[in-house]
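To start, the structure under review is shown below, and the notes come after it.
Side chains included, hydrogens not; waters and symmetry mates left out as well; all remaining heavy atoms used. Below, chains carry the letters A, B, ... as their sequence lines are ordered, and counting in each starts from 1.
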Amino acid sequence: MSQKFVLGYFDDEETLMHAIEKINATGTKIYEVYSPFPIHGIDDLLGYKRTRLSVAAFVFGCIGFSLALFMQTYMLGLSKWSINIGGKPYLAWPDFVPVTFEGTVLITALGMVFTFMWVNEFFPGAVEKQPHPRVTEDLFVLAIKSEDAQGSDVQSIMSSNGALEVKEEEVML
Amino acid sequence: MYESPYRRPLITGDDTTYKKISDDIIIPVEAKPTQWWYMGFAISLAFLALYVWAIGYLLWNGVGSWGLNKTVDWGWDITNFVWWVGIGHAGTLISAVLLLFRQKWRTAVNRSAEAMTIFAVVCAGVYPLLHAGRPWVIYWALPLPNTYGNLWANFNSPLLWDVFAISTYLTVSVVFWYVGLLPDLASVRDRATGLKKKMYGIFSFGWNGSAKAWSRFEIVSLILAGLATPLVLSVHTIVSFDFATSVIPGWHTTIFPPYFVAGAVFSGFAMVLTLLIVARKAMKLEDYITLNHIDVMCKIIMVTGSIVGSAYITEFFIAWYSAVEYERYAFVNRMFGEYWWSYWAMMTCNVITPQLFWSQKLRRNITAVFIISIFVNIGMWFERFVIIVTSLHRDYLPSSWAMYSPTWVEISMYMGSMGLFFTLFFLFAKYVPVIAVAEVKSIMKTSAEKYMKITLEKEKAEESAQHSHESHHA
């Protein structure tokens, strides 16, 4: 669904950050910033909370750990067809360390990546919701919803703070 | 963050811009491949064909077509398996361990090193699969219920741990690599038109470069790096358990895990250098993979080479110190027995050649680095050969002592696996930006020659202004 946005185009991350500070001072809500590479410190300026992906990682880690450990315990010790290996203990715990570790890592990594794709709505063939194709090259774009920009002078703040161009446009973001 | 002006630049050239970085790295993907690419690709395909032929022959005739016998039942197959897995380790080290340590030079080499990891692990995986003899029932190694023909898999066996370690390693490396690729595939997509745009659009998953996506991207990369770091250590540790948990003199050694991991990193960096020295020249990426990058990698080779060297010596000392006559014999036999030449090849290539890197002149001499990196590759192959074959060929029963030499099938499979590796690498170099474009851009302001000069001049100006101010007051 496309919407009307005020878009400020920048060619440098430092001028962009400066402009964001100025806009923040007016209290206008910034919708999103698009850049060719991660900009250090921009999360704080945009008021983004730290992503909870690390919590997801921990949960997946616990699942992987339990699954791997249970699998080995069940197959070697609990199931009806557990194998007697040279009369050694059925449940030789130290032997379970490597596979438990690998299972933990595997489930965590896969779970993390799928969560990452899920929250970003990334999937094979997804249409990119970006304001300009050059944001993956050398363009930095600051987007503010037109309704939020109403009544404030964000357009002139952007152009007086180093924006190459400021436009109001209907785009899908 | 303060950046020392004396640090060497990681991006050279006086006209670096974000746009230029994209152009330099992505144009080889967009342009028609050069003649060199076609030639290299054709040669790789020829070797790949040899591989397919040798494997076909092997499957038709059975493992008896290898030179293995009752005494030496692990030969080139396991040697090559361990060699390839080891080569893979440098990629993960660069992309994960150096990410955790915030090493900026990583950005220029992580993409290709990680691709190399994946391809090397693929090459490695084929060997145990075929060594199993009947690869069509390899699923017996998976934890499946008895109705599938196997009994429950035996989790007390290091060989089974290896199945889990290698498959986890391959999977995690692939997802880590692919997540890192998304921004750059999107970059190719946004520059392209028509069918190309569509294809790269599908594979870039709708990446849009938003600050939210970047913030999540960085956390995911960090956590994956945190996972991959112990993983890479565990993989070669477990590979070394294949040997260390046995009761064969020469294998039954507690030093194996760290020694194998160091050796893996050592050989992996050698392979990274071998590949990148050619790739940077062929793809005109000298501004991004600079002499400074080669220099630091040589230092890592020197350090890991020294670790490996001291492990050899420690092993030898412990064999003597243990006073176990079989253990002593195994090591003396390595040095002066029938396979003495492989031992001395290993010692020369792995212990002596990396020490040459104490000289900065050699570290910054591309031809010398290329030659030494090949020596290291050869040396590490011999290390595995020495460990496997010399330990096995003299067993406890002198009547079963035997010699081993490979047949044409083993030799073709080894050369052929190079074909597979290089075929994959050539495809990678054609279809994917070989350097992480976005990551290089993120270090441009701090580490490009052009910007470092500007910063330095600014500092100098400030300093002299302060100076004149002070002298004025005095």
Show the nearest heavy-atom pair for residues [X] and [Y], with the distance to one decimal.
X        : Y        : value
B:Tyr18  : A:Asp138 : CB-CB, 3.6 Å
A:Pro38  : B:Ser442 : O-CB, 4.4 Å
A:Ala109 : B:Val172 : CB-CG2, 3.8 Å
B:Leu224 : A:Val113 : CD1-CG2, 3.9 Å
B:Trp207 : A:Glu128 : O-CB, 3.6 Å
B:Ala213 : A:Phe122 : CB-CZ, 4.2 Å

For [X], is it the side chain, the backbone, both, or neither that has a heavy atom closer than 4.5 Å to a heavy atom of chain A?
X        : value
B:Ser22  : side chain
B:Val220 : both
B:Tyr178 : neither
B:Pro230 : both
B:Lys198 : neither
B:Leu222 : neither
B:Ser210 : both
B:Ile238 : side chain

#### Entry: Residue from A:Leu76, A:Leu91, A:Asp95, A:Ile85 passing side chain to side chain contact (heavy atoms under 4.5 Å, CB included) with B:Phe155
A:Leu76
What's the spacing between [X] [atom1] and [Y] [atom2] if we round to 0.5 Å?
X        : Y        : atom1 : atom2 : value
A:Lys49  : B:Ser215 : NZ    : OG    : 12.5 Å
B:Ile223 : A:Met112 : CD1   : CE    : 3.5 Å
A:Tyr90  : B:Asn156 : OH    : CG    : 11.5 Å

### Task
Evaluate whether atom CE of B:Met199 has more than 12 neighbouring non-hydrogen atoms of other residues, nucleotides or ligands under 6.0 angstrom away.
no
### Message
Just checking A:Lys4: does its NZ atom have more than 12 heavy atoms from other residues, nucleotides or ligands closer to it than 6.0 angstrom?
### Response
no
Residue, of [options], that accumulates the most heavy atom pairs under 4.5 Å with chain B:
options                              : result
A:His132, A:Glu121, A:Glu14, A:Met75 : A:Met75
A:Ala126, A:Pro94, A:Pro131, A:Pro98 : A:Pro98
A:Val119, A:Val127, A:Val135         : A:Val119

### Task
Show your working on side chain to side chain contact (heavy atoms under 4.5 Å, CB included) between A:Arg134 and B:Lys19 and close with a plain yes or no.
CA-CA 10 Å; A:Arg134 263 178 57 210; B:Lys19 170 94 176 121; 5.7 Å; no
### Query
Tell me, do A:Phe116 and B:Val179 make a side-chain contact under 4.5 Å, heavy atoms counted?
yes
### Query
Hey, are the side chains of A:Met117 and B:Phe205 touching, using non-hydrogen atoms and a 4.5 Å cut-off?
yes
### Task
Just do the side chain to side chain contact (heavy atoms under 4.5 Å, CB included) check on B:Lys212 and A:Tyr48 with the steps written out, would you?
CA-CA 8 Å; B:Lys212 258 244 142 87; A:Tyr48 287 165; 3.7 Å; yes
Please report, to 0.1 Å, the donor-acceptor pairs under 3.5 Å made by any side chain of residues 50-70 of chain A, with sequence neighbours excluded.
unit_1: A:Thr51; atom_1: OG1; unit_2: A:Leu53; atom_2: N; d: 2.9
unit_1: A:Ser66; atom_1: OG; unit_2: A:Cys62; atom_2: O; d: 2.6

Under 4.5 Å from any heavy atom of chain B - which part of [X]:
X        : value
A:Phe114 : neither
A:Asn120 : both
A:Gln72  : both
A:Leu110 : side chain

#### Entry: Trace of the side chain to side chain donor-acceptor pair (under 3.5 Å) decision for B:Asp190 with A:Gln130
CA-CA 10 Å; B:Asp190 291 340; A:Gln130 63 186 15; 2.8 Å; yes
### Query
Less than 4.0 Å between a side-chain N and a carboxylate O, is that true for A:Asp12 and B:Lys445?
yes
Is any residue of [range] within less than 4.5 Å of chain B by heavy atoms, and which ones?
range                       : value
residues 99-108 of chain A  : A:Val99, A:Phe101, A:Glu102, A:Val105, A:Leu106, A:Thr108
residues 139-147 of chain A : A:Phe140
residues 155-169 of chain A : none

## Note on the structure
Max heavy-atom pairs within cutoff under 4.5 Å with chain A, candidates B:Ala438, B:Gly209, B:Pro183, goes to B:Gly209
#### Entry: Choice from B:Gly201, B:Ala165, B:Ser157 maximising heavy atom contacts with chain A below 4.5 Å
B:Ala165
